[in-house]
Amino acid sequence: MTFSIHGIAVARGIAIGRAVIMASGRVDVAHYFIEPGQAEAEIARVRAGRNAVVDEIHRLQQSITQMGPKEAPHELSALLDVHLMLLQDEELISGVKHWITDRLYNAEWALTTQLDVLSRQFDDMEDEYLRERKADLEQVAERILRYMKGVQSPVSHPPVPKRKTSQDLLLDDSVDVPLVLVAHDLSPADMLQFKQSVFAGFATDVGGKTSHTAIVARSLDIPSVVGARSASSVVRQDDWVIVDGDAGVMIVDPSPIILAEYGFKQRQAELERGRLSRLRHTPAVTLDGQKVELLANIELPEDAPAALLAGAVGVGLFRSEFLFMGRNGDLPDEEEQYQAYRRALEGMEGLPVTIRTVDVGADKPLDKDTHHDEAHLNPALGLRAIRWSLSEPEMFRTQLRAILRAAAHGKVNLLVPMLAHAGEIRQTLSLIDFARAELDNRGTPYGPVSIGAMIEVPAAALSLRTFLKYFDFLSIGTNDLIQYTLAIDRDDESVAHLYDPCHPAVLKLVADTIAECNRQGKGVSVCGEMAGDVAFTRLLLGLGLRSFSMHPAQILTVKQEVLRADASRLKAWAEQVLDAEDPASMLA
């Protein structure tokens, strides 16, 4: 039966394929296809893991017989018997073999997929005792996975499935159809793995439009929906699904008519992308001759080629925190960071690169297993971004030295996030001078950098003259500016409807920042999601903005809007928008 799940649209496009359900506790399980000749080896890996768990349970049972009833109650022995029974269950064994031999899933993927299938069966049981055995099944599977962990993958570069049209999907049920990931949540570090993954799109139960999971999804240009609430619990393993990243909807078990309709939409989108690609080398100049700078936001040095391919004239935001995340506390040293920043510069072929100092905390923990809520009621208001860097001066100076060294190889702008106080500004600039002095003492070459600040806290937007006294340029981070101005957690889907880029207070802070920078002749850009949203392009041009930084996938669409705009005529209209009680009605 066809039904739809509504969420929040975060990355445009349409993905059609079979659902892969990923439980939140197992997001680190590798998902890749194997070659047919490797099936027996993968089955042997699962069998070896299962046998190891069986041997472990047998050893426990032997030790139990030597204990008294107080040390080893009967329930423990009975539990071990249940686990042994589950390990020898024919449905578990045959199911894993099916996913490996018929679908060519790797061993870990096959095991977790069959676990999800069996878990559904336990959920449907009327007997409460039998339903509770689902937890035992999960424990058994996790123990097998633990034994399998660290085994070298037999496929170093998993093949990506061939994309098919909707007509192919109706006629062909073979292994090479696209896959769509459905998960409770994904961390930003997890999202980076999607660059080489087999998934055509994804949907998550939680998340907001400007969460960093959503931001990275847009940078990867894969259709996605977040905040879909119950998606991972109501969608079944291997269901046909459609992810409509434009409407923020996932359609489950679509009918042939719906499949054909969305297949047509896919083809239309491909034609539109082809038409836009012809604008790549066209300078971004408005009808009245105003030059506009369209820059790219990137997460890793390897993103630079995609930025060039999209026609970016530089990098307006290199989110350096992705070099730090998911490393279990093993932070990158100076040399590793220097090489990464240098690769980004070389990848941009001489174009300028703006490197933001590490911005972790809130929705971007260093490690995906970090739980902030245990220590802080609201991590978004806690020790994050520049606050964390200033609390770890040795780490901060290491990053600053790496950035300064990279500046010897090209034009580098150094951007500092989440500043709010004059004292923070002075302390930051002092540490930059300290880092220069350290390099001088070592005789290590480095280059000049322009230094800028993010305007993402209302206090900063209301202290522009102080900021422009110290900085060469400002960059408006609209995502956090909206969050802090409206007191809205941008990762909480329950208040997502209150997250409003068109709120008059937000637009006034953005407009005042642009106007003051222009008045003082200082550079200003917008690097938040507003920059890549064509609904705001004409307004920002009318407010005097001439530098936009966005995901590479959004550049050509924004360029098309710039080419059609007359900036001089937009100025009066933009002022009317600022004075309106409901600005959104004038942007429609």
Side-chain angles (χ1 to χ4, degrees), residues 210 283-297 310-317 352 354 356 413 415 450 452-456 458 460-462 464-465 467-468 471-482 485 500-552 554-580 583-584 586-587:
T210 56
V285 181
T286 62
L287 293 174
D288 57 328
Q290 296 288 317
K291 293 182 179 180
V292 178
E293 186 179 52
L294 299 182
L295 306 165
N297 296 345
V313 296
V315 169
L317 178 62
T354 299
R356 183 176 67 186
N413 302 313
L415 183 60
S450 295
M454 294 280 291
I455 301 298
E456 48 193 341
L462 296 171
L464 294 173
R465 293 188 180 181
F467 273 67
L468 291 174
F471 293 106
D472 302 311
F473 69 96
L474 300 180
S475 186
I476 307 173
T478 52
N479 305 343
D480 273 331
L481 185 61
I482 297 166
T485 302
D500 184 12
C502 292
H503 193 287
V506 173
L507 295 182
K508 178 171 174 53
L509 293 176
V510 171
D512 289 349
T513 302
I514 295 171
E516 186 62 24
C517 287
N518 287 340
R519 190 182 70 81
Q520 294 197 30
K522 295 290 184 79
V524 60
S525 68
V526 170
C527 65
E529 291 303 297
M530 193 181 286
D533 189 339
V534 292
F536 291 97
T537 304
R538 293 168 66 247
L539 175 61
L540 292 172
L541 288 171
L543 294 177
L545 186 71
R546 297 296 181 265
S547 180
F548 297 67
S549 189
M550 67 204 74
H551 306 293
Q554 299 169 316
I555 288 176
L556 293 177
T557 307
V558 172
K559 181 182 284 189
Q560 178 177 253
E561 196 71 15
V562 169
L563 295 173
R564 295 171 175 175
D566 187 326
S568 59
R569 292 187 177 182
L570 290 173
K571 184 176 180 180
W573 169 76
E575 291 175 352
Q576 293 175 6
V577 174
L578 292 180
D579 292 335
M586 300 183 66
L587 298 179

Search all heavy atoms of N518 against all heavy atoms of G544 and return the closest pair with its distance. ND2-O, 3.3 Å
Starting at CD1 of I476, measure out to OG1 of T513 and round the result to the nearest 0.5 Å. 4.5 Å
I'd like to check P501 versus V506 (side-chain heavy atoms, cut-off strictly below 4.5 Å). Are they in contact? no
Go through it in stages, so that I can follow the logic: the residues are K559 and L563, the test is side-chain contact (heavy atoms from CB on, under 4.5 Å), and I'd like the CA-CA distance, side-chain angles, deciding distance and then a yes or no. CA-CA 6 Å; K559 181 182 284 189; L563 295 173; 4.1 Å; yes
State, to 0.1 Å, how close Q290 and A567 come at their nearest heavy-atom pair, and which atoms those are. CG-CB, 3.9 Å
Tell me every residue that passes salt bridge (charged side-chain N to carboxylate O under 4.0 Å, His left out) with R569, counting only those two or more places apart in sequence or in another chain. D566
For N297 and C527, indicate whether the former's side chain and the latter's backbone hold a donor-acceptor pair under 3.5 Å. yes
Taking the side chain as every heavy atom from C-beta outward, state whether E561 and T557 have any atom pair closer than 4.5 Å. no
Apply side-chain contact (heavy atoms from CB on, under 4.5 Å) to the pair L543 and V577, showing each step before the final yes or no. CA-CA 10 Å; L543 294 177; V577 174; over 6 Å; no
With sequence neighbours excluded, tell me which residues meet side chain to side chain contact (heavy atoms under 4.5 Å, CB included) with P458. L481, Y484, T485, L509
Backbone N or O of G523 within a donor-acceptor pair of the D472 side chain at under 3.5 Å? no
Is any side-chain heavy atom of S547 closer than 4.5 Å to one of L295? yes
Do side-chain atoms of K522 reach the backbone of L474 as a donor and acceptor pair under 3.5 angstrom? no
Do the non-hydrogen side-chain atoms of C502 and L587 ever get within less than 4.5 Å of each other? yes
Show the nearest heavy-atom pair for residues E529 and T478, with the distance to one decimal. N-OG1, 3.4 Å
May I ask you to test the I555-F548 pair for a side-chain heavy-atom distance under 4.5 Å? no
I need the full list of side chain to side chain donor-acceptor pair (under 3.5 Å) pairs touching residues 570-580, with sequence neighbours left out, sorted by first then second residue. none
Do you know which two heavy atoms are closest between A453 and F467, and how far apart they sit? CB-CD2, 3.8 Å
Please list, one pair per line, the donor and acceptor atoms closer than 3.5 Å that link side chains of residues 531-541 to other protein atoms, with sequence neighbours excluded.
from : atom 1 : to   : atom 2 : distance (Å)
D533 : OD1    : A535 : N      : 3.0

With rounding to the nearest 0.5 angstrom, report the OG to CG distance, S568 to L287. 9.0 Å
Please name the residue in the list V285, V562, V558 that meets the side-chain contact (heavy atoms from CB on, under 4.5 Å) test with V292. V562
State, to 0.1 Å, how close A565 and L570 come at their nearest heavy-atom pair, and which atoms those are. CB-CD1, 4.0 Å
If I take atom CG from residue N413 and atom OG from residue S525, how far apart are they, to the nearest 0.5 angstrom? 9.0 Å
Applying salt bridge (charged side-chain N to carboxylate O under 4.0 Å, His left out), name anything that partners D512, two or more places apart in sequence or on another chain. K508
Exercise: identify the closest heavy-atom pair between G542 and A574: C-CB, 3.7 Å
Please list all pairs meeting salt bridge (Lys or Arg N to Asp or Glu O under 4.0 Å) that have one or both residues in residues 283-293, counting only residues at least two apart or in different chains. none
